[in-house]
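Notes for the one structure printed next.
Throughout, a chain's letter reflects where its sequence line sits, starting with A, and its residues are numbered from 1. Bear in mind the structure is a predicted one, so any value in this text is a computation, not a measurement.
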Amino acid sequence: MSDFDEDDAFEAASRPSLSARAMPARPAPYLDALNPAQREAVEALEGPVLMLAGAGTGKTRALTARIAHLLHTGAARPDGILAVTFTNKAAREMKERVAALLGQPVEGMPWLGTFHAICAKLLRRHAELAGLKPNFTILDTDDQLRLLKQLIAAGNIDEKRWPARLLAGIIDQWKNRAWTPERVPVAEAQAFNGRGIELYAAYQARLRTLNAVDFGDLILQMVTIFQSHDDVLGQYQRRFRYILVDEYQDTNVAQYLWLRLLAAGHRNICCVGDDDQSIYGWRGAEVGNILRFEKDFPGAKVVRLEQNYRSTPHILAAASALIAANRDRLGKTLWTEESEGEKVRLIGHWDGDEEARWLGEEIEALQRGTRGLDPFSLDDIAILVRASHQMRAFEDRFLTIGLPYRVIGGPRFYERLEIRDAMAYFRLAVSPDDDLAFERIVNTPRRGLGDKALATIRAAAREAGVPMLEGARIAAENGRIKGRGAAGLRALIAGLDRWHARQRAGVDHIELAETILEESGYTEMWLQDKSPEAPGRLENLKELVKALEGFENLQGFLEHVSLIMDNETGTDEERVTLMTLHAAKGLEYPAVFLPGWEDGLFPSQRSMDENGPRGLEEERRLAYVGITRARQLCTISFAANRRVYGQWQSQLPSRFIDELPEEHVDVLTPPGLYGGGYGAGGTRMEQEAARADSHASPGWRRMQARAYERPRQTAPVIDLDAVEIFAPGDRVFHRKFGYGAVTQAEDDKLEVAFDKAGVKKVIARFVVAAARADDVPF
DNA sequence: GCTAGGTTAATTTTT
DNA sequence: TTAACCTAGC
C-alpha cells in the first residue's frame with residue numbers, strides 16, 4: 001500500500017488554478033526579507049542555478065521566495081512549476097510557506113511534491129507505457145518482502161542463507177541506479193548467489209501481473225518512459241518551464257536522470273542542497289550529483305548561501321573546522337552576525353551509564369538555568385545519537401529520574417502492525433482482488449488457516465486464474481479446506497463480500513471501518529491479548545478510525561495514508577527529544593547533546609569498513625549535521641568504556657573530536673573524569689600524571705597512551721586493532737572467552753574454538769593474537 | 001497451530 | 001544485551 005501523499009495531484013486538477021496574470025505587478029515584499037545571496041538565487045530565474053545552502057542559511061526561505069517570485073512576476077503559472085522534495089513534510093512546509101509569502105492559499109500547484117508522489121501521478125497517466133493499469137497499487141516494504149520470499153522459495157533458494165531482505169536491498173540499489181533487469185551490468189551477475197538478476201526480472205514480471213509497483217519503480221518507470229517516448233518527454237519538458245529541487249545532494253541516479261531529462265530543453269533548473277549534509281549515500285544518494293552540477297549544466301550559476309542564522313560563532317567554527325577535513329566538497333564558509341556565545345562543550349565519562357546519568361543531570365540543570373544561561377525548556381533540548389540503540393541508555397535513565405522525553409523516528413504510525421492489518425481489511429473492502437492484503441489478514445485474527453490452507457487457496461486461485469479471494473471461495477466450496485479452517489474461511493469470505501458490497505453502496509466509511517474491525521474479530525483479538533502493547537494498539541486503531549473523518553471515502557483515505565504518518569501524539573507537556581542524527585537533518589534546537597563520540601561507534605566502524613574513506617567522509621558530514629543543529633549550546637560527550645552487544649569494551653574518543661579546534665571547545669572535566677587527551681591544559685606530563693593519579697589501573701593507562709599515539713590528523717581509516725588478520729590455526733585471546741584457536745576466518749568474521757567456552761563466532765576485532773593477550777585492557 | 005525456549009546477529013531510513 | 005526469528009514439542 002502506498003505510504004505517501006498522492007492527493008494534491010488529483011485535487012489540484014479540478015481546482016481553478018491561480019493565474020499568474022491575475023497578479024498585479026506590485027512590489028514584492030518577500031524579496032525584502034532576503035540577504036544579497038538569497039536574493040541573487042531567487043532572482044536568477046532563467047538558466048541552471050545551484051543554490052549551495054549551508055546549514056541554517058535560510059534555504060527554505062530562498063526556495064519558497066523563488067517560487068513566489070516565479071508566480072508574482074508572471075514568469076510561470078502555478079502548474080508550470082515542478083518543485084520536488086524528498087519528504088511529504090518538506091512538500092507540505094513549502095506549500096504553506098509559499099502561501100504565506102503570497103498572502104493567499106496556493107492552489108493549483110499540482111507539481112509541488114515528493115519525487116515519488118509526482119512520479120506516481122505521472123505514471124498513472126502513462127501507466128500503459130509500463131504495462132500497468134492506471135489504478136496500480138504501490139507496494140511498501142512489507143508487501144515487497146512477502147513477494148520476494150515467494151520468488152526465492154520458487155527458485156529453490158535457501159531463504160536462510162539468502163534472505164529476502166538482502167534481495168530487496170540489492171534490487172532497490174539497482175533501481176536507484178536506474179537499472180532495469182536488462183540493464184543491470186554483468187559485473188553484478190554474482191549478486192545474490194548468482195541469481196539476483198534472474199530474480200529481479202521475475203519480481204518485475206510478478207509486479208506487472210499484480211498491477212503493482214514498488215517505490216523504486218515509480219522513478220525508474222518514469223525514467224524509462226521518458227527515455228523511450230520522446231513525445232511524452234517533450235510534453236512535460238514544455239509543461240515544466242521551471243524546475244526546483246530541494247535537498248539535491250540526496251538524489252540518486254534515477255532521480256538525477258529524471259530531472260536531467262525534464263530540464264534538457266529549457267534548462268531552467270534550480271537545485272538547492274548542501275554537499276556537506278549528504279548523509280544518505282547508503283541508500284543510493286550520490287553526492288556526485290551535486291558536485292558535478294556545473295559540468296552537467298554548463299554555464300550554471302552557483303550561489304552560495306553562507307550567512308548562518310542559527311548558531312553561535314563557536315558552534316559554527318567548530319563545525320566548519322570539522323567538515324574541512326573532508327576532501328570531496330565544494331566548500332563553503334559559514335559566517336554569522338551573532339555575538340559570542342558558549343563554546344562547544346566536550347566531556348568524557350567513565351562509561352555509558354555515567355554518560356547517561358550526567359546528561360540527565362545536565363538537562364535538569366539547563367532547565368533550571370545555570371551558568372548565566374537562561375533556563376531552557378525541555379522542548380528546546382535534543383539528544384542526537386548515531387544509532388537508535390544508543391537511545392535506550394538515555395530512556396532508561398530518564399525513566400528513573402522522571403525526565404519526560406519523546407523519541408522521534410522508530411516505526412511510524414502507518415507502519416505499525418495493527419494499522420497495517422486494519423488497512424489490509426480496508427483495502428480488501430475497496431478492491432477484493434488485492435492479493436497481498438488478502439494474504440496479510442487471511443489468518444489474522446487466527447482462523448485456523450495455516451501454511452497448508454494458504455497453499456491450497458493459492459493453488460486454487462492459480463488454477464482458475466482468479467484473485468486469491470476467489471480462489472478461497474472455490475477452495476471453501478469444494479471442500480478442499482477442511483476442519484476448523486473451513487468455517488473461519490467461509491466467515492471471512494462472507495464478511496469481505498458484505499463489506500465490499502457496503503462500500504460500493506456508499507455506506508458511511510467510518511461506520512464501515514468500525515464494522516469491519518468489529519465483524520472481522522480484529523478488535524476482539526486485541527481485546528483478548530494480554531500483552532502490554534495491546535492497549536496501545538487498540539488506541540492506535542481508534543486513532544485510525546478517527547483519521548478517517550477527514551475523508552470522503554475509504555479510497556480517498558487509502559490514497560492519503562501519508563497524512564496521518566507524522567501525527568504527533570499531542571501532549572502539551574515539555575519533553576526532551578531523542579533521535580538519530582539522520583532524523584535530525586533539517587531541524588534545530590537551542591541545546592543539542594551529541595553523546596557517544598567514540599571511534600567505532602561514531603564514526604561507525606561498519607561504515608568505514610564497508611565504504612572506506614568515502615564512508616568516513618559521510619560519517620564526518622553526519623557529525624557536521626549534528627553540531628550545526630545547535631543554536632546556542634552544543635555538548636559532545638564520549639565514554640571510555642561501553643557495553644557493546646553485552647560485552648564491555650574500552651573505547652577511544654572519536655577521531656572527530658581531534659578535529660575540533662581547541663579555541664572553540666570548552667573541555668568540561670569534573671574531577672575524576674577523563675578529558676580525552678584533548679585541550680585539557682597543562683603539559684602533557686602533568687596531564688598524564690594527573691590522570692594516572694585518579695585512575696591507576698594499567699589498562700586505563702594503556703588506553704591513555706594509545707589515545708596519544710593516535711595520529712592527530714586522521715588519515716588512516718582503520719583502527720590499528722582492527723587490522724589484525726587471522727587464519728585458521730592461529731591462537732587468539734578473547735576478553736570474555738579466553739584462549740582459543742581459529743577454525744575458520746572470513747574477512748573479519750572468525751570462528752574460534754575456545755579452550756573453555758567452546759566454538760563461537762566472533763568478530764576479529766574482539767580478539768587479539770594470544771601472544772598479545774597482555775595488551776587487552778582490563 | 002501455537003508456544004516456549006534456543007539460536008543468531010547486531011547502523012543510518014524515506015518513499 | 002536483546003530482540004527477532006526459528007524449531008521442536010505439545
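The phosphate of dT13(B) (OP1 or OP2) has a side-chain N or O of Thr580(A) nearer than 4.0 angstrom. Between dG1(B) and Asn443(A), no contact under 4.0 Å exists linking OP1 or OP2 to a side-chain N or O. Within the structure, every side-chain polar atom (N or O) of Ser607(A) is placed at least 4.0 Å from both OP1 and OP2 of dT12(B).
Across the protein-nucleic acid pair, Asn252(A) atom CG and dT13(B) atom P stand 18 Å apart, rounded to whole Å. One can place CG of Asp250(A) at 12 Å from P of dT15(B), the figure rounded to the nearest angstrom. For the pair Arg642(A) CZ and dT1(C) C1', the computed distance is 14 Å after rounding to whole Å. The nearest whole Å value for the distance from the CD atom in Gln649(A) to the C1' atom in dA10(B) is 13 Å. One can place CD of Glu247(A) at 12 Å from P of dT15(B), the figure rounded to the nearest angstrom. The CG atom of Asn611(A) sits 15 Å away from the P atom of dT11(B) (whole-angstrom rounding). Between the CG atom of Asp609(A) and the P atom of dT11(B) there is a distance of 14 Å, given to the nearest Å. Per the geometry, CE belonging to Met391(A) stands 11 Å off C1' belonging to dT11(B), to the nearest Å.
Residue Arg446(A) places its side chain closer to dC2(B) than to any other of dT12(B), dC2(B), dT15(B). Candidate nucleotides dT12(B), dT15(B), dT13(B) were compared by shortest atom distance to the side chain of Ala387(A), and dT12(B) ranks first. Residue Arg283(A) places its side chain closer to dT13(B) than to any other of dT15(B), dT11(B), dT13(B). When the nucleotides dT12(B), dT13(B), dA10(B) are ranked by their closest atom to the side chain of Arg606(A), dA10(B) comes out on top.
Centre separation under 5.5 Å together with a plane angle under 30° does not hold for the ring of Tyr645(A) and the six-membered base ring of dT1(C), so they are not marked as stacked.
For the P atoms, the distance linking dT12(B) with dC5(C) amounts to 15 Å, nearest Å.
Checked against salt bridge (Lys or Arg N to Asp or Glu O under 4.0 Å), Arg283(A) has no partners two or more places apart in sequence or in another chain. With sequence neighbours excluded, the residues that form a side-chain hydrogen bond (donor to acceptor under 3.5 Å, both in side chains) with Asp421(A) are Arg440(A), Tyr522(A). For Asp434(A), the salt bridge (Lys or Arg N to Asp or Glu O under 4.0 Å) partners at least two apart in sequence or on another chain are Arg427(A). With sequence neighbours excluded, no residue forms a side-chain hydrogen bond (donor to acceptor under 3.5 Å, both in side chains) with Thr628(A). Considering only residues two or more places apart in sequence or on other chains, Arg392(A) meets the salt bridge (Lys or Arg N to Asp or Glu O under 4.0 Å) condition with none of them.
A tilted orientation is assigned to the rings of His582(A) and Tyr280(A), their planes being inclined by 30° to 60°.
Comparing Arg386(A) and Phe86(A), the nucleotide of DNA chain B nearest to each residue sits closer to the 5' end for Arg386(A). Toward the 5′ end of DNA chain B lies the nearest nucleotide of Ala453(A), the other residue of the pair Ala453(A) and Glu618(A) mapping further downstream.
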With the criterion being N/O to N/O and under 3.5 Å, what pairs connect the protein with nucleotides 2-9 of chain C, and how long is each?
{"unit_1": "dA3(C)", "atom_1": "OP1", "unit_2": "Arg392(A)", "atom_2": "NH1", "d": "3.4"}
{"unit_1": "dA3(C)", "atom_1": "OP1", "unit_2": "Arg392(A)", "atom_2": "NH2", "d": "2.2"}
{"unit_1": "dT7(C)", "atom_1": "OP1", "unit_2": "Lys160(A)", "atom_2": "NZ", "d": "2.9"}

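Heavy atoms of Leu384(A) sit nowhere under 4.0 angstrom from any nucleic acid atom. Within the 4.0 angstrom heavy-atom criterion, no nucleotide atom of any strand lies near Gln255(A).
Contact between Leu384(A) and Pro595(A) at its shortest, heavy atoms only, is O-CD, 3.3 Å.
A salt bridge links Asp250(A) and Lys585(A); the closest N-O separation between the charged side-chain nitrogens and carboxylate oxygens is under 4.0 Å.
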